[in-house]
Amino acid sequence: MPIEDLLLSGVNLMILGMGIVFTFLLVLVFAMKGMSKLALMVSERQGTVEAHSAQAMAAGNQAQTGIRGDLIAVISAAVNQYRSTHH
Amino acid sequence: MPIEDLLLSGVNLMILGMGIVFTFLLVLVFAMKGMSKLALMVSERQGTVEAHSAQAMAAGNQAQTGIRGDLIAVISAAVNQYRSTHH
Amino acid sequence: MPIEDLLLSGVNLMILGMGIVFTFLLVLVFAMKGMSKLALMVSERQGTVEAHSAQAMAAGNQAQTGIRGDLIAVISAAVNQYRSTHH
Amino acid sequence: MVEIGIEPLWLSTGIANLEWGQVLMMGVGGVLIYLAVVRKFEPLLLLPIGFGAILSNIPLAGIGGSDGLLGHIYHVGIETGVFPLLIFMGVGALTDFGALIAMPWTLLLGAAAQFGIFVTLLGALALNFVPGFDFTLADASAIAIIGGADGPTAIFLASRLAPDLLGAIAVAAYSYMALVPIIQPPIMRWLTTETERNVVMQQLRHVTKLEKVMFPFAVLLLCVIFLPSAAPLIGMLTFGNLLRESGVVERLSHAAQNEIINIVTIFLGLAVGSKLSADKFLTLDTLGILALGAFAFCIGTATGLLMGKIMYRVTGGKVNPLIGAAGVSAVPMAARVVNKVGLETNHHNFLLMHAMGPNVAGVIGSAVAAGILLAMVGG
Amino acid sequence: MVEIGIEPLWLSTGIANLEWGQVLMMGVGGVLIYLAVVRKFEPLLLLPIGFGAILSNIPLAGIGGSDGLLGHIYHVGIETGVFPLLIFMGVGALTDFGALIAMPWTLLLGAAAQFGIFVTLLGALALNFVPGFDFTLADASAIAIIGGADGPTAIFLASRLAPDLLGAIAVAAYSYMALVPIIQPPIMRWLTTETERNVVMQQLRHVTKLEKVMFPFAVLLLCVIFLPSAAPLIGMLTFGNLLRESGVVERLSHAAQNEIINIVTIFLGLAVGSKLSADKFLTLDTLGILALGAFAFCIGTATGLLMGKIMYRVTGGKVNPLIGAAGVSAVPMAARVVNKVGLETNHHNFLLMHAMGPNVAGVIGSAVAAGILLAMVGG
Amino acid sequence: MVEIGIEPLWLSTGIANLEWGQVLMMGVGGVLIYLAVVRKFEPLLLLPIGFGAILSNIPLAGIGGSDGLLGHIYHVGIETGVFPLLIFMGVGALTDFGALIAMPWTLLLGAAAQFGIFVTLLGALALNFVPGFDFTLADASAIAIIGGADGPTAIFLASRLAPDLLGAIAVAAYSYMALVPIIQPPIMRWLTTETERNVVMQQLRHVTKLEKVMFPFAVLLLCVIFLPSAAPLIGMLTFGNLLRESGVVERLSHAAQNEIINIVTIFLGLAVGSKLSADKFLTLDTLGILALGAFAFCIGTATGLLMGKIMYRVTGGKVNPLIGAAGVSAVPMAARVVNKVGLETNHHNFLLMHAMGPNVAGVIGSAVAAGILLAMVGG
Ligand code: NA
Ligand code: NA
Ligand code: NA
């Protein structure tokens with residue numbers, strides 16, 4: 001079809017397209033805000049439960065982050081070496 | 001076909017089926033007993049060989065189980081961390 | 001076709017084949033020699049750069065080879081164990 | 001010029017094309033994911049299945065269609081039966097049959113528990129008396145295997161005998177496997193006496209490496225002689241186990257236990273989920289399948305326990321009947337349940353290892369049962 | 001007897017059959033590998049693509065043909081759209097959307113940056129005024145998506161709308177993603193004032209695990225309602241992210257983040273490279289595509305920055321406009337560039353985490369844009 | 001009603017359908033597994049091949065048939081040639097060509113050892129004088145490549161030139177590769193003098209990273225110019241090696257060295273085993289192939305050694321002729337054997353690194369030879 005018509009379709013597509021992109025992501029903004037509110041409510045309601053699991057998680061993270069960085073470095077290197085040699 | 005016939009086939013299938021299942025696993029019981037006897041004989045005949053490899057294996061296990069549990073825990077955590085970060 | 005002809009083709013194939021194999025690998029010999037020369041020139045030209053990266057690499061290797069063998073052994077075993085148990 | 005306006009735009013949205021059935025099935029998918037993530041119901045399978053259900057019910061996208069991603073995966077992996085067999089290879093590579101080798105007789109517990117399968121088969125056929133149900137013998141067989149409490153076996157058989165019911169059957173199988181801790185204990189307490197549950201079993205003998213290497217061959221040999229129709233399942237199970245026990249192919253054993261089974265699990269789950277379409281799933285059949293599945297688990301548990309009581313008598317009280325309940329497989333959940341119930345009556349009675357014997361025996365038992373159904377009905 | 005002589009031997013050599021186009025394309029492949037290895041341009045993709053280009057241009061071997069290795073891989077993985085979608089699953093499993101959840105408004109930056117896509121679409125169509133160019137609306141759409149700065153999205157859309165241009169489009173997309181550190185900074189400095197670049201943003205709030213688990217569902221839900229045509233991309237992205245955040249399927253999350261994405265990356269790269277044939281690549285179109293691609297990146301960066309300036313005004317100077325440039329995606333390169341430019345003006349102003357929000361928003365934004373183009377043009 | 005009785009039941013058992021050929025082939029499979037597990041003969045390949053042979057000879061199951069698991073795998077991976085090429089990519093990623101780059105002349109040792117291939121080709125054709133043998137030129141070529149002592153190359157060529165002989169050829173290739181420690185030493189001692197075996201070679205020069213990165217391109221370039229028919233093999237080998245040496249795609253290199261090669265090895269082995277059917281394997285041809293294979297190894301070892309002796313003369317005793325035996329490839333077994341035999345005569349003479357040069361040269365050499373056979377015979 002003639003280029004002019006193509007361009008017309010293009011303009012059409014641009015207007016609609018950017019319109020949808022913005023609508024979609026704008027709605028998503030509010031969806032996420034609602035989501036976060038909901039999450040807050042939920043976690044408050046089962047506060048106790050959360051607390052426990054939170055502690056548990058914290059503990060878990062402790063166990064991980066507790067390891068001194070250099071040890072991890074050494075071990076990582078070793079693991080690398082181990083892999084490159086044993087595989 | 002009429003449901004009665006279906007059920008009849010079903011009963012047939014059940015009798016045959018459970019019969020085979022039991023036969024199969026019962027024969028397997030004896031097969032395994034024979035197998036274990038055979039394994040015992042073999043290992044006795046090549047006792048010396050076994051002994052060596054056994055020692056070797058033991059040593060190997062030593063090397064593995066010798067590592068203190070907590071060290072393994074630490075390393076495992078580190079490996080986890082290493083993986084999650086380096087991959 | 002008659003076996004004699006087959007054999008004739010075979011002889012043909014052998015002469016050509018070994019000829020090509022030798023030509024190919026002989027040319028590759030010279031290609032590699034040239035390649036190495038080229039590599040030398042390049043690395044000399046960007047000597048400084050090389051130096052740096054070389055040091056860097058050396059450092060890297062240090063970090064790896066620096067780990068005492070037994071530690072690696074222990075860790076490797078642990079990794080093994082970790083894998084076999086956690087996977 | 002290309003027609004680009006509000007009209008076609010609206011027609012290209014989801015709301016304009018969304019059907020009630022699709023909404024409901026997405027809800028079903030959401031429930032499965034909830035069970036997987038929050039209730040920890042077999043998350044490795046139910047999460048991908050649930051998500052696959054959501055994706056394949058999105059209007060216009062056609063993700064579950066023959067040209068869609070999940071359609072391709074289903075065609076390649078499940079129609080061919082490849083995925084469940086690869087999972088079985090992984091199960092074999094992950095399973096230590098030592099406990100079973102140490103107590104061969106516990107195989108009979110694994111056999112007895114398969115009774116649930118065949119009773120359910122009758123149940124499914126009997127359901128045809130109820131107006132609205134019309135299960136063929138093939139359908140009934142595929143449904144009955146849910147009683148095997150073994151996911152890949154159920155998916156493999158369903159893909160062969162009743163592809164239309166595959167979604168519902170897979171969901172039922174994995175759901176009930178996850179429900180084992182709720183379904184089994186009451187039956188276990190009801191069918192066994194305090195004294196029986198109190199039985200402390202003697203420690204398992206040591207099993208040599210050689211025995212573990214010979215075991216897969218013993219199983220495969222019997223399968224070849226008696227029941228070749230079970231060979232694909234038993235074959236891959238024993239192959240995986242040989243990779244594990246041979247000790248000379250660590251690389252391959254590791255691949256079977258990790259890369260392969262993980263990758264296949266993701267694809268298998270998504271592809272099974274793509275069969276959860278409204279027209280196939282929102283039917284009376286599904287309700288029947290769910291009911292029959294629960295029924296199958298109960299019967300299997302009961303018959304396993306009864307065989308356990310027989311062995312209790314025969315051995316003069318050396319066998320704790322509770323381990324019979326582990327015969328339904330559902331590895332290792334069922335064995336853990338046995339251990340738990342055992343500890344309730346005797347705080348120092350750890351039955352876990354003893355329950356592992358019938359537990360893995362149940363895997364073989366249901367594979368055998370699947371072979372029989374394939375041979376008798378699939379032909 | 002079989003004719004074996006010097007004549008057929010000579011005819012079986014490469015030099016006797018080598019065409020100039022093939023030599024040139026091998027050169028192109030070599031350049032891509034040089035950029036990947038020496039200049040570190042997206043090596044994970046450009047190295048396999050470059051090598052695939054060399055292999056598929058070897059005379060007589062037919063490696064890229066329908067019976068060749070790369071031909072098989074292309075047929076299985078790209079014609080079906082499976083590979084880019086699996087990569088997207090991996091991206092989802094590797095991405096932490098926490099920064100975006102903490103600053104939902106930065107989604108608008110990811111939206112604004114997609115303007116580059118649609119302007120480029122017009123540009124491609126306008127190029128038809130130049131003799132020798134004849135882009136259809138489908139071609140133009142596939143080219144425009146380069147502005148999305150997202151490799152798998154570009155490959156997926158191109159394989160749907162303009163397979164002939166796929167090679168050039170993929171090469172352009174990944175090349176410009178690698179060039180982000182060179183393309184973006186000047187535009188960023190030119191469009192923003194010292195004061196704006198100086199803005200120190202407040203630290204991000206803590207995001208709970210629950211929010212991270214709910215996020216993929218929120219995104220997927222909107223996709224289902226508004227834009228089902230984007231469901232394959234958004235669906236796999238959110239699936240991968242759920243595997244990551246659910247925390248109950250560590251095995252599967254690990255497989256999606258490693259085995260699957262690594263294996264698929266190798267095959268995807270080689271297969272894309274096999275489309276770099278002289279007749280398809282050494283055309284005026286390719287030059288146009290390369291020019292338009294650079295154009296698209298610049299526009300996208302600019303519109304992202306302008307939206308950033310608007311948010312700067314609206315929020316009374318709480319938002320640093322620089323983070324708008326990260327809206328083009330090109331994760332995580334663009335975010336790093338923002339951080340770098342930010343540090344130039346204020347040595348204590350680390351914008352990396354704040355730039356991650358628009359950065360991942362850009363991934364969603366370009367997937368949405370791709371869905372629109374599929375729905376409007378692909379139909 | 002469905003006929004379910006003793007009669008059809010019996011007919012569905014294995015014993016009722018087992019043929020002698022199948023029993024024998026299961027035996028062959030068992031032997032291969034025995035060699036793999038107990039004798040440690042190339043277990044990574046021979047174990048899956050042996051198990052595949054057992055599975056595909058189970059009556060009624062049809063696992064090796066076009067609808068069976070192994071049939072599917074064979075169709076997808078071997079008929080297309082994809083699996084051997086992926087293994088070659090892995091080999092490239094696992095191989096350090098440093099030793100070869102340090103001693104380019106050792107390439108000639110890898111060339112000389114390929115003489116075994118072509119002599120065996122004549123041998124195979126000459127065997128046609130024996131009644132019962134009727135090898136075509138294609139058959140003979142596929143058989144001859146066993147002398148290349150390289151599994152994937154042999155499988156790739158056989159799948160192209162003589163699919164019917166693939167099973168026997170693969171089994172012969174891997175068996176003899178495992179037998180290298182038994183086959184080679186006598187020949188090595190017989191063809192070399194004490195003084196020659198005593199030669200201590202000077203330490204290898206340091207090879208720079210740049211050289212290692214350039215090497216794959218040098219090899220590929222010559223392949224493109226002279227022998228495009230070898231491009232699939234050489235191409236994937238060099239691609240894998242570039243992944244390794246480039247140092248910028250660690251993820252991909254790791255995948256090629258582990259996940260991909262391990263997964264493919266399992267499937268390749270099973271699929272090759274599925275070709276071990278009585279009618280194809282229990283033939284006079286197989287005996288001929290086994291005999292010719294051994295012959296090929298001996299000739300290849302001998303010619304490699306003779307070239308070693310020539311280099312010993314030419315260099316005035318700087319080269320230890322033993323390393324010529326490593327030219328047959330069979331990496332790294334042959335190089336280890338050289339090292340072992342070297343230590344017998346001089347307890348302080350470690351030839352391992354020097355033998356790695358001709359060893360990897362042998363891989364390239366046999367790929368080149370395969371390319372020639374494809375070009376001359378496959379056409
Ligand atoms: Na079971
Ligand atoms: Na984007
Ligand atoms: Na060789």
Side-chain angles (χ1 to χ4, degrees), chain A residues 1-61 63-65 76 79-80 83-84 87, chain E residues 97 100-115 117-119 121-129 134-137 140-141 144 205 207-215 217-219 221-223 225-227 230 247 303 361 364-366 368-369 371-373 375-377:
Chain A
M1 77 188 122
I3 303 178
E4 290 69 15
D5 293 3
L6 266 181
L7 280 171
L8 204 50
S9 318
V11 174
N12 243 326
L13 199 50
M14 174 161 74
I15 296 163
L16 278 172
M18 282 314 288
I20 300 172
V21 169
F22 265 104
T23 324
F24 189 101
L25 294 183
L26 197 60
V27 177
L28 185 54
V29 170
F30 292 110
M32 283 166 68
K33 286 182 164 296
M35 177 188 93
S36 297
K37 277 209 184 56
L38 186 64
L40 191 67
M41 281 163 48
V42 175
S43 49
E44 270 169 354
R45 202 189 304 141
Q46 7 163 283
T48 57
V49 188
E50 275 300 310
H52 284 110
S53 58
Q55 280 171 9
M57 245 172 269
N61 297 343
Q64 284 203 354
T65 56
S76 306
V79 172
N80 264 342
R83 281 184 175 160
S84 55
H87 283 285
Chain E
F97 285 97
L100 181 60
I101 299 172
M103 307 180 296
W105 286 108
T106 55
L107 275 166
L108 298 185
L109 299 169
Q114 308 314 318
F115 202 72
I117 292 177
F118 294 98
V119 173
L121 191 150
L122 284 185
L125 296 173
L127 214 54
N128 287 342
F129 285 117
D134 182 15
F135 290 130
T136 66
L137 200 56
S141 307
R205 73 166 175 86
V207 174
T208 67
K209 191 166 168 308
L210 182 58
E211 286 173 282
K212 289 187 176 179
V213 174
M214 290 166 78
F215 176 73
F217 292 103
V219 178
L221 180 67
L222 293 188
C223 171
I225 295 175
F226 293 127
L227 201 61
T303 48
I364 299 172
S366 42
V368 169
I372 295 162
L373 295 173
M376 300 281 109
V377 181

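Atoms considered below: every heavy atom in the structure, side chains included; atoms not considered: hydrogens, waters and symmetry mates. In what follows, every chain begins at residue 1, and chains take the letters A, B, ... in the order their sequences are listed.
With a 6.0 Å radius and a threshold of 12 heavy atoms from other residues, nucleotides or ligands, E:F115 has its CZ atom at or below the threshold.
Heavy-atom distances place the side chain of E:I372, and not its backbone, under 4.5 Å from chain A. At a 4.5 Å heavy-atom cutoff, E:A140 makes no contact with chain A through either its backbone or its side chain. For E:L100, the parts sitting under 4.5 Å from any heavy atom of chain A are the backbone and the side chain alike. Heavy atoms of E:L121 lying under 4.5 Å from chain A belong exclusively to its side chain. There is no contact between E:F217 and chain A, counting heavy-atom distances below 4.5 Å. For A:M35, the parts sitting under 4.5 Å from any heavy atom of chain E are the backbone and the side chain alike. E:V219 touches chain A through backbone and side chain together, each having a heavy atom under 4.5 Å away.
Across all their heavy atoms, A:M32 and E:I101 have their closest contact at CE-CA, 3.5 Å. Between A:M14 and E:V119 the shortest heavy-atom distance is SD-N, 4.2 Å. Between E:R205 and A:S36, the shortest heavy-atom contact is NH2-OG, 3.3 Å. Of all heavy-atom pairs spanning A:A39 and E:M214, the tightest one is CB-SD, 4.0 Å. Smallest separation of non-hydrogen atoms from A:G17 and E:F118: CA-CZ, 3.7 Å. Of all non-hydrogen atoms in A:G10 and E:L125, the two that sit nearest each other are CA-CD1, 3.8 Å.
Between chain E and the options A:I20, A:V11, A:V29, A:L26, the largest number of non-hydrogen pairs under 4.5 Å is found for A:V29. Most heavy-atom pairs under 4.5 Å with chain A, from the set E:G365, E:C223, E:A144: that is E:C223.
Considering CH2 of E:W105 and NZ of A:K33, their distance stands at 6.5 Å, rounded to 0.5 Å. Here CD of E:E211 is found 8.0 Å from OG of A:S43. Values are rounded to the nearest 0.5 Å. With rounding to the nearest 0.5 Å, the separation of CZ in A:F30 from CG in E:L107 is 11.0 Å. Annotation: the span from E:L373 atom CG to A:L13 atom CG amounts to 5.5 Å, rounded to 0.5 Å. How far CG of A:L6 is from OG1 of E:T136: 8.0 Å, rounded to the nearest 0.5 Å.
You'll find the side chain of E:L222 stays beyond 4.5 Å of the side chain of A:L25, heavy atoms only. Using a 4.5 Å heavy-atom cutoff, the side chains of E:F226 and A:L28 are not in contact.
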